[in-house]
Amino acid sequence: MSVRVGQGFDVHPYSDDPERPLVLGGVTFDGERGLAGHSDADAVAHAVTDALLGAAGLGDIGQHFPDTDPALAGADSLDLLRRAVASVHAAGWIPGNVDCTVVLDAPKLAPRRAEVERALTDAVGAPVTVKGKRPEGLGALGRGEGIACFAVALVTEDRA
Ligand SMILES: [Zn+2]
């Protein structure tokens, strides 16, 4: 059986627009400052998408969902993730699991971690685990200028 891994990384700065919601892993964090980006700027969903596309040898999220595409303005990134998973299956691969580390100073991820994991697991159709990591005051992330996410995905060959 053939097994492959893929890595994903994404980072978005905070938005100046007070109306913009914060969406992480498809979950909206009410009352928190949103991230800037063409879509809903869900850095967690984007990193997971890139990890899965990379594992299946399908390039990256920018190729599949260009940030110059007007149709993707404000897009639901969990929906883009579902579409990427369909491409992974079409290429003959089955997601095994995805593990993520979200680097952020605020908000605290722990209280909503199970919810984020559930939303991502539903979208991927395989276990997605999420860990929060504080940047300890270092660099742009430590100054609370944005949120980053790392993800690793495993896929197995679809032999059916
Ligand atoms: Zn992104």
Side-chain angles (χ1 to χ4, degrees), residues 5-88 91 93 95 97-109 112-113 115-126 128-135 138-155:
V5 295
Q7 186 209 43
F9 170 75
D10 196 34
V11 61
H12 283 266
Y14 280 107
S15 167
D16 292 329
D17 178 358
E19 300 300 314
R20 208 173 152 82
L22 175 65
V23 182
L24 296 174
V27 173
T28 300
F29 287 68
D30 291 324
E32 300 291 343
R33 204 171 150 200
L35 297 170
H38 184 62
S39 64
D40 62 7
D42 185 339
V44 180
H46 293 174
V48 170
T49 301
D50 250 358
L52 286 164
L53 290 173
L58 292 172
D60 63 46
I61 189 170
Q63 285 170 254
H64 291 258
F65 311 110
D67 63 6
T68 49
D69 183 347
L72 296 178
D76 174 354
S77 296
L78 217 53
D79 185 48
L80 304 184
L81 173 57
R82 284 188 207 99
R83 287 160 63 181
V85 168
S87 300
V88 168
W93 298 94
N97 78 300
V98 184
D99 186 40
C100 312
T101 300
V102 190
V103 186
L104 77 175
D105 210 44
K108 282 196 169 24
L109 204 60
R112 312 223 27 210
R113 176 166 148 174
E115 207 180 329
V116 172
E117 287 183 336
R118 236 183 349 258
L120 290 167
T121 295
D122 281 353
V124 173
V128 181
T129 44
V130 176
K131 305 184 293 291
K133 184 75 191 162
R134 304 263 298 279
L138 288 175
L141 296 171
R143 289 189 296 271
E145 293 176 16
I147 294 178
C149 182
F150 299 86
V152 174
L154 180 135
V155 297

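Nothing fancy with the numbering, it's 1 onward along the sequence. In this text the structure is predicted, and so the values were computed from the model without any measurement. As the structure lists them, so they are numbered: ligands from 1, and atoms in each ligand from 1.
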Novice: Do the side chains of D40 and D76 get nearer than 4.5 Å, heavy atoms only?
Specialist: yes

Novice: Salt bridge or not for K131 and D99, using N-O below 4.0 Å?
Specialist: yes

Novice: Under the salt bridge (Lys or Arg N to Asp or Glu O under 4.0 Å) test, which residues partner R112, sequence neighbours left out?
Specialist: E115

Novice: I'd like to know if the side chain of H64 reaches the main chain of L58, judged simply by a donor and an acceptor atom lying under 3.5 Å from each other, with no hydrogens or angles considered.
Specialist: yes

Novice: Counting only protein atoms, how many N/O/S atoms are less than 2.8 Å away from the Zn ion (ligand 1)?
Specialist: 3

Novice: Side chains of H38 and D67: do they bring a donor and an acceptor to under 3.5 Å?
Specialist: no

Novice: Please step through side chain to side chain contact (heavy atoms under 4.5 Å, CB included) for the pair D10 and I61, ending with a clear verdict.
Specialist: CA-CA 10 Å; D10 196 34; I61 189 170; over 6 Å; no

